[in-house]
Structure formats: C-alpha cells, structure tokens
Amino acid sequence: MSKRKQRSESAEASSQTRTDGVARSPPAKKARQTRSMGYIAVLMVVLTEKKVPTIIELSSEDDGSPERGTASAESDLEEENGPVESPEEELERLKKSWDVPVYALYSVSLPLHKPKRPYHVFTCKKCSHKIDRYLDTQDKNSTGNLHKHAKKCFSEPVLAEILAAKTLEGAKQAVKSYLEDGKITVFFERKDKSKVTYSHRTHTRSETRIEIVRWVAESLRPLNIVNDRGFRSLMLTGRPGYQLPSASTVSRDVKEVFRRTRRRIAEFFKVGKYTFYSKLLFTTDAWTSPNHCAYVAFSVHLEKDGKPMSMLLDFVELAVNSQSHSGVNLAAAFAEVVHEFGIDEKMLAVTCDNASNNDTMIDTLELDVPSFGGQKMRTRCFDHIAHLVAKSVTRLFDQKEAGGKEGIGSELHSDMDREELVARLQLYRESGGDGDDDEDGLLDELSTLSEEERAEVLENIRPVRTVLAKLRKIAFKTVNSTTLLLPAWRKTVSDLKLPEKLIPRDVRTRWNSTYEMLDVAVQYRKAVDVFCADKENKLRQYELTEQEWTIATQLRQALRVFKDATLFFSRSTPSLASVIPAMEHMSRTLDSYIQDEEHYEHSIRAALSLAKKTLVKYYNLTDSADTYRIAMVLHPRYKTAYFKKLNWTRLWIESARKLVRNEYDQVYAKLPLPADLDKKLAGQNDGADKEDSVKHGPAGTGGYKELQQDDENMFDRIPDLFQTNTRHGTNDELDIYLKAEPEDVTDPFSWWYARRHAFPRLSRMALDYLTIPATSVDVERVFSRGRLLLPHVRNRLGSQTTRALLCLGAWSDRGFINQWDLTEVAKLPEVSGDSEEGDSSCQWDTIIDVVQAEA
C-alpha cells in the first residue's frame with residue numbers, strides 16, 4: 001500500500017469520525033447514504049407541494065430495501081409537519097384550486113396501479129381520450145395539453161362558449177348541456193349581475209371592437225361616439241398608439257352581430273321544438289318614432305326550466321304610407337317574423353291592447369298563420385283595460401259646456417288651454433317622450449245622452465271640475481314661478497317639516513297624472529292651505545274649501561284602485577290567471593263606491609258608474625277567448641273552485657272544463673314524452689334490461705351515477721313514483737288533476753315544474769298557458785328605450801341601425817349574444833368612414849340555417 005493511499009484512507013476515517021462522532025463501517029455508511037437520499041427526495045417534494053403527496057419510491061443498487069429509508073424519512077417529517085396526505089386526499093385538495101373552465105371538459109382520477117412517478121389521469125368527457133399529468137415536474141399545473149386536445153375534440157364555437165364561462169360551475173353546466181343534446185343552451189339564460197372586475201391589461205384591437213359593440217347597444221350610444229373629442233382623449237391619453245375603430249366599422253359590426261345573434265335565436269327556438277314542444281307566446285304593439293318612422297315590436301315569452309322567460313324578438317319598420325299601422329300591415333309583418341324564425345307551428349297566443357287595428361290584425365293573422373287560433377287565442381292587455389276604465393272617470397270631468405267654455409268661472413277658465421299645452425310639453429320631456437293614453441276602445445257614454453241629460457250631468461259634476469281646476473292652477477303657477485312662488489312653496493314645506501315635493505300639474509290625456517296631482521295635494525293639504533293663505537303669493541282665489549278637500553280625497557280614493565292595479569301588473573310579467581280575479585276585485589270595489597252615498601259625492605258616483613260600464617264591456621270579452629278560462633283552471637289555487645265560489649252558473653263552469661278537456665285531448669295528450677322520462681317509463685316493463693343498464697351503463701356514461709346528477713333526490717326519478725295516477729283508477733292526467741283539491745299556491749310555475757314527471761303532458765299545457773302575459777308592458781318598454789335612442793337631436797338614424805341597436809341591447813341583457821360571434825366579427829377588416837349607417841346589403845338581416853359547427 002502506498003503512502004498516498006494510506007493517507008487518503010486515514011483522512012477519510014478521521015473525517016467520518018469528526019462528522020458523526022463515531023467511526024462507521026462501510027455498511028453503516030451505505031445505510032446513511034440511502035436514508036439521506038430519502039430525506040432529500042421527500043424534502044424536494046415538500047418544497048414543491050408544501051405537503052408530501054404520496055410515498056416516493058427510490059431505487060438503490062447498494063440496498064435491496066430502499067423503501068425503509070423513505071418511510072423512515074416520511075415518518076420523521078410526519079412528526080414535524082403532521083400526517084402525510086394520501087393520493088386521494090391530495091387529489092381532492094388540488095381539485096378545489098382548479099377553477100379554469102377547461103377542467104370542465106375532463107374527469108380526473110388516480111392511476112389504477114401504483115406508479116413509479118405520481119400523476120393524475122384526465123379523461124375527456126366527449127371521446128374518453130386520456131391525458132397523464134405528472135406531479136414531479138415544474139409544469140405540473142399546466143393546462144396546455146388539456147387545451148391542445150380540447151381544440152381537436154371540440155369545435156371552435158363550442159369550445160369558445162365553454163371557455164367563455166366566468167366560473168368552473170358555469171362551464172360544467174355548458175358541457176353537460178352540450179353532451180346531452182348537442183347544444184349549449186345554458187348560455188341562453190339571463191346572467192347574474194355579479195361584481196365586475198377589470199384586467200390590468202389593455203384591450204387588444206379586436207377586444208376594443210367587441211366592447212364598443214356591446215357598449216353602444218346596451219347603453220344606446222351613438223355609433224360615431226368613437227369620433228367624440230372627449231372619448232378619444234380618455235382612450236388615447238397615455239397610449240396614443242391605441243387603435244379605435246371608425247364609426248362605419250362600428251356600424252358594420254353592430255349589424256353583423258345582430259344578424260348572427262338573430263340566427264342563433266332562431267336555432268334556439270328550433271331546438272326547443274324538438275325537446276318537448278313548448279309553445280311560444282307573443283306581445284306586440286306599434287309605435288311612431290320621433291323621426292316619424294312607423295315601427296312594430298314583437299316580444300316572445302316562454303317557459304324555461306320552470307320559470308317564465310321573455311325577450312324582444314324583433315323590431316320592424318313598416319311601410320311608410322297612410323295605413324302604416326293598419327291591421328293588415330301589422331298582421332303581414334307579424335307573419336313574416338314568425339315565418340323567418342321558423343316558429344309558425346309554435347305560436348299559441350298573442351297579447352295586445354284594445355285598439356281597433358289589433359282586432360283586424362288578429363283576424364288576418366289567423367289566415368296567415370294556420371296554427372294560430374285567432375280571437376280565441378287573443379289576450380287583451382290588462383293595463384290598457386285599466387287605463388280605459390280610469391279614463392272613463394277623469395274624462396267626464398274634462399268635458400266643456402256648450403260654447404266650449406269650462407263653466408267653472410272666468411278666473412279659473414282663463415289661460416287654461418295654454419297652461420294645458422305647456423304642462424303636456426313639460427310632462428313629455430320629463431317622461432322621456434311617453435305618449436298620451438291610448439283612448440281607442442274607450443266608451444263615450446255622454447254621446448248617447450240627449451242635450452237636456454247632458455246638461456244635467458255637466459251641472460252635477462261642476463264641483464269636481466272646480467276642484468281640479470284650482471289644483472291645476474296652484475301647481476302650474478308654482479312650478480313656473482321660479483323666483484317667487486317656487487321658493488315660497490319650498491319654505492312652506494320646510495317650515496312644516498315635510499319632505500320637499502312639488503304638486504305635479506296633470507294633463508287631461510294622462511289619467512294617472514290626475515291621480516298623482518290629487519295624491520300629493522291631499523298628502524300636503526296643510527302646506528297647500530298655508531301657501532294659498534299667504535297674501536304675498538296672490539293665490540287666495542284658489543283656496544279649497546272643506547267640501548272641496550273632501551271631493552279631492554274621494555276622487556283620489558276612487559282612482560287608487562286603477563293605480564294599484566296598473567302597478568301590480570307592471571311589476572313583472574304577471575300570469576294570465578290573475579286577470580279574472582283582478583277584474584272581479586275592481587268590479588266589487590267600484591260597486592262599493594257607487595252604492596256609498598254617505599262617503600262619496602253624487603258626481604263621483606256617477607262617473608264611477610260610467611267606468612263600471614267600460615269594465616263590464618271588457619270583462620265580458622274574456623269569454624270570447626279560451627286562454628283566460630284555461631289558465632284559470634290550470635292554476636292549482638283556482639281550478640274550477642274559484643268559479644263555484646263566485647256562484648257562476650253550472651253551465652259556464654262546465655263549458656270551462658270542456659275547453660280545457662278539448663285543448664288537452666287535441667294538442668297535448670298525444671305529445672311524445674320528454675326523452676329522459678320516456679326512457680324511465682319504458683323501463684318499467686323491461687326490468688332485466690333496466691337493471692343491466694343501471695349496473696353497467698351504456699358505453700361512455702357514468703352508469704348508476706348518472707341517476708344522481710346534481711342535487712336531485714334519487715326518489716324523484718323512480719318511475720313507479722311518477723305513476724301516481726293509479727291511485728285514482730285512471731291514467732288520464734287531467735282527470736287526476738281536477739279530482740284533487742285546490743292548493744294554496746303562490747308560484748304556479750314552480751308547482752307544475754316540480755310535478756312534470758307526475759303530469760308530463762298536462763304540466764306542459766299548464767306551463768304554456770300560465771306563461772301567457774297578461775299585459776304588453778314588456779314590448780312597451782322597448783319604445784321607452786327607442787325614445788332614448790332617437791332623441792330629437794339624433795333623428796337621422798336609419799331604421800336598420802335602430803332595429804339592430806334595440807334588439808342587440810335587449811339580447812345582450814338576456815345573455816343571448818354569443819362570444820364566438822363577437823370574436824369572429826372583430827376579425828373582419830375595418831371599414832373606413834364616419835357614417836353611422838355604413839353599408840348594408842338588402843339581405844343583411846336574413847335568417848338562414850345555422851351550420852352546426854359541432855357536426
């Protein structure tokens with residue numbers, strides 16, 4: 001042995017003694033090295049994952065039992081960091097942090113055998129392709145491979161829809177919908193108004209075009225706002241290279257997104273036709289815009305997942321002529337819209353006001369759309385009926401005596417017409433341009449009276465007209481004297497410690513403005529008395545006597561029933577089944593006022609008698625439509641018990657039952673069952689096959705787990721429990737329903753939707769009829785937005801652009817605009833120019849069959 005080798009061995013032994021305190025033999029050295037390697041390997045995982053996910057296997061040529069060192073190391077770490085996670089626990093923990101929508105496309109599991117390297121298996125829900133993602137690499141959280149396969153397996157439009165979801169849960173619902181019926185209908189629902197967060201990254205050029213399209217449609221902004229100096233300053237300051245599209249580009253983009261979205265909505269209704277034959281309900285109304293264009297709007301209503309849903313369907317310009325809003329023109333436009341959307345066979349009922357041109361429209365539409373039932377399926381807007389009944393009261397007090405004089409004293413008569421005109425203009429501006437009450441359909445009872453009878457009526461109503469004239473004078477003079485009376489009124493109100501409020505001056509064409517004037521005046525009676533008593537205000541001639549205040553209070557109370565009815569039916573889209581009970585209540589209320597000679601003046605009772613005749617006219621018209629009675633019978637609270645309670649004739653009640661029976665037998669009794677329910681009911685007579693499918697499941701499904709999707713109770717899906725009709729000894733759903741006692745139900749939609757398995761066909765009929773809107777409020781709101789879009793300073797906006805902006809704004813609010821469509825439109829080349837109209841071909845809005853991207 002050489003001296004150098006001896007010195008090396010001696011130094012090694014000495015170093016080993018210094019390090020460990022004891023001299024170690026070579027086997028001990030190998031064991032120490034193996035254990036150290038175990039510590040290092042486990043610590044590396046700890047530093048990466050913060051916890052030890054699983055046992056790390058090591059391979060060593062020097063030791064046949066490498067796992068002892070690893071287990072020992074983990075045991076030591078367990079004492080310091082707590083229990084070591086099992087692979088299952090680790091997977092569940094990691095799932096909680098996976099919030100990227102792409103994870104919705106895969107199911108994840110552990111490998112079937114114990115691997116040499118830890119990894120997770122991601123299985124595509126569509127094609128079952130498996131992707132392994134290892135946990136011991138630096139990119140272990142990468143979703144690159146998941147996205148790469150998704151682009152191959154799913155079409156671009158479908159993938160874009162799924163990845164556009166804001167939450168993982170939303171993406172899962174979209175994937176579920178797509179895998180079940182091939183459509184992502186989850187995106188055709190109103191999005192929740194959650195808190196908005198903003199990115200620190202500047203929009204790309206395409207993203208800017210997308211956001212501008214949404215902005216101008218939702219907020220009704222001018223298309224050439226991109227040229228506005230202030231807007232450009234806000235957008236370009238600090239980033240002068242930021243690209244803004246031209247006004248012509250924005251115009252083209254808006255119309256192109258409109259066209260694409262319109263096609264998708266048509267496809268949505270087409271799909272609905274084959275799911276379970278749900279019917280569609282419509283509301284419509286005509287409008288003349290401030291720039292003198294004649295339009296008609298159509299909104300559609302349907303039931304979606306047990307809830308009523310409504311949206312603007314189309315906004316169409318009519319031919320410019322003296323008969324633009326004629327019934328024939330309206331019917332032609334209506335028929336063209338339902339034909340373009342391909343929903344001719346799904347048209348159930350139409351709600352519109354009582355204008356005479358709508359009578360013609362309904363009759364003509366019955367000929368143009370064979371599936372539509374005409375007047376039997378026409379619903380009259382309840383709010384319009386309430387307006388006509390209330391107008392019967394207030395119009396009587398606006399009548400002039402012979403010679404055109406007011407007949408209430410020269411001091412009150414002076415300048416009344418001028419003040420009326422000014423008040424109407426002020427109200428027009430304040431209300432955003434809402435028009436006067438539509439009096440088409442209003443009964444004129446005075447015209448049937450002789451001259452002597454008419455003179456007697458006008459004499460009797462003189463006290464009421466005097467009260468209204470005095471209040472109108474006080475209101476008008478106060479609001480138009482900004483330096484004298486208006487400050488004096490505010491001081492009077494402040495001194496009496498009342499909330500500051502002005503008495504609104506009513507106009508004769510708006511009955512609700514008369515109610516609001518009376519309501520404020522009565523509430524502020526003390527302030528009005530003090531204000532008029534002050535000599536400096538020069539209003540002493542308009543002071544109200546005690547008797548006149550009594551008349552004002554009585555008239556206010558008489559009009560309140562119409563105000564409350566209008567507000568009740570304008571809160572949302574009320575059920576048609578609410579109309580007859582509401583009319584009954586109005587009738588009883590009017591009768592009580594008319595008969596109350598002690599508390600109501602003769603003139604007010606006479607006016608209410610005229611209003612009662614108008615109400616009776618439209619109440620009787622409900623008998624000419626089948627929709628009202630069918631909706632009442634199918635409401636679980638009413639059925640036929642409501643009619644019996646009101647002592648309606650037995651013959652009338654039997655006719656209502658017969659209507660429901662005929663409609664059910666002819667239209668709904670033979671409908672095919674929904675696919676999911678049909679399979680379950682068919683399984684009752686095929687126990688062996690059913691058992692096998694439950695145990696094993698068809699290829700590519702989750703087997704028995706599919707019967708317990710979401711939070712649904714498994715007992716809700718047992719076919720034997722669906723067939724509750726056997727206890728009645730009949731299989732007829734309608735007989736079963738009518739034999740049961742009425743229930744105290746406030747939400748008939750939820751009630752029927754929860755029982756759709758017990759009554760698969762009758763529930764479809766009930767939801768269709770209960771979804772019929774009782775008013776045309778939804779479509780009238782479109783006109784309010786139209787007045788904002790078309791102010792007098794913007795009267796050159798074309799009809800195509802007006803249509804596209806109003807429809808897109810409504811569709812965006814309902815979540816119908818497809819992100820993929822926006823992205824594709826933003827890829828189109830830009831258009832030069834600053835025109836809001838841009839270029840549009842004659843076929844720009846044509847609906848064509850949507851190519852199934854996923855085919």
Side-chain angles (χ1 to χ4, degrees), residues 281-289 294-301 310 312-316 318 323-331 333-334 337 349-366 372 374-392 394-395 431 433-444 509-512 562-563 565-570 573-576 578-580 582-583 586 611 614-622 624-625 627-628 772-784 786-787:
L281 308 316
F282 299 88
T283 58
T284 182
D285 202 356
W287 179 60
T288 300
S289 67
Y295 290 99
V296 59
F298 305 100
S299 67
V300 63
H301 303 250
S310 66
L312 177 64
L313 182 64
D314 213 338
F315 188 81
V316 181
L318 298 172
Q323 300 295 321
S324 295
H325 285 159
S326 67
V328 175
N329 282 351
L330 294 175
F334 205 155
V337 168
V350 176
T351 300
C352 53
D353 63 29
N354 300 281
S356 57
N357 58 346
N358 283 333
D359 297 336
T360 305
M361 179 192 72
I362 295 297
D363 292 336
T364 307
L365 195 61
E366 183 178 9
F372 178 57
Q375 295 291 346
K376 291 184 178 180
M377 291 296 143
R378 186 247 182 108
T379 302
R380 297 177 181 271
C381 174
F382 178 82
D383 274 357
H384 191 239
I385 293 174
H387 285 315
L388 294 177
V389 179
K391 191 65 182 174
S392 300
T394 60
R395 191 173 72 161
S431 62
D434 287 338
D436 299 330
D437 290 338
D438 185 357
E439 297 187 7
D440 195 352
L442 182 63
L443 297 179
D444 186 6
T509 55
R510 303 280 291 275
W511 74 265
N512 55 347
F562 310 118
K563 182 68 173 180
T566 302
L567 292 176
F568 176 80
F569 278 86
S570 299
T573 304
S575 169
L576 186 62
S578 305
V579 171
I580 290 181
M583 285 188 168
M586 290 174 64
T614 303
L615 177 62
V616 169
K617 170 190 174 181
Y618 289 103
Y619 197 176
N620 291 335
L621 284 176
T622 61
S624 64
T627 53
Y628 294 95
I772 297 175
T775 71
S776 55
V777 171
D778 281 352
V779 73
E780 290 169 1
R781 291 189 178 118
V782 177
F783 303 151
S784 296
R787 294 182 185 98

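This is a predicted model, so every value here is computed, not measured. Side-chain atoms are counted along with the backbone in the values below, which use heavy atoms only and exclude waters and symmetry mates.
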Exercise for review: Among T775, T566, N358, N354, find the one that has a side chain to side chain donor-acceptor pair (under 3.5 Å) with H384.
Suggested key: N354
Review point. Under the side chain to side chain donor-acceptor pair (under 3.5 Å) criterion, do D778 and S310 qualify, and how do the steps go?
Key: CA-CA 8 Å; D778 281 352; S310 66; 3.1 Å; yes
Review point. Just wondering, do F562 and M586 contact through their side chains at under 4.5 Å, heavy atoms?
Key: yes
Study note, to complete from the structure: In terms of heavy-atom contacts, L576 and T379 come closest through CD1-CG2, 3.4 Å
Revision key, fill the gap. Shortest non-hydrogen pair, S570 vs V777, comes out as OG-CG2, 4.0 Å
Point to revise | Spacing of OG1 belonging to T351 relative to CE belonging to M377, to within rounding of 0.5 Å | key: 12.0 Å
Check your understanding: Which is it for L330 and T284 under the side-chain contact (heavy atoms from CB on, under 4.5 Å) test, yes or no, and what are the steps along the way?
Key -> CA-CA 9 Å; L330 294 175; T284 182; over 6 Å; no
Study note, to complete from the structure: Looking only at heavy atoms, the pair that brings T283 and V779 closest together is OG1-CB, 3.8 Å
Review point. Which residues satisfy the ring pair (Phe, Tyr, Trp, His ring centres under 6.0 Å) test with F298, sequence neighbours excluded?
Key: F334
Review point. How long is the gap from NE2 on H387 to OG1 on T394, to the nearest 0.5 Å?
Key: 11.5 Å
Point to revise | Interatomic distance, I385 atom CD1 to T622 atom OG1 [nearest 0.5 angstrom] | key: 8.5 Å
Review point. Got a second to check how far L567's CG is from K563's NZ, nearest 0.5 Å?
Key: 5.0 Å
Review point. Within a strict 4.5 Å, meaning less than it, do heavy atoms of the M361 and N357 side chains meet?
Key: no
Review point. Hey, what do you get for OH (Y628) to CE (M583), rounding to the nearest 0.5 Å?
Key: 6.0 Å
Exercise for review: Kindly indicate whether the side chain of I362, heavy atoms from C-beta on, has any atom under 4.5 Å from the side chain of F372.
Suggested key: yes
Review point. Where is the tightest heavy-atom contact between A297 and F315, given as atom of each residue plus distance?
Key: CB-CD1, 3.7 Å
Point to revise | Residue among Y619, F569, F568 satisfying ring pair (Phe, Tyr, Trp, His ring centres under 6.0 Å) with F382 | key: F569
Study note, to complete from the structure: CG of D353 to CG of D383, rounded to nearest 0.5 Å, is 11.0 Å
Review point. Shortest non-hydrogen contact from A611 to S392?
Key: CA-CB, 3.8 Å
Practice item. Output all residues satisfying salt bridge (charged side-chain N to carboxylate O under 4.0 Å, His left out) with D359, sequence neighbours left out; order by chain, then residue number. Key: R378, R380
Exercise for review: State, to 0.1 Å, how close F783 and A286 come at their nearest heavy-atom pair, and which atoms those are.
Suggested key: CE1-O, 3.6 Å
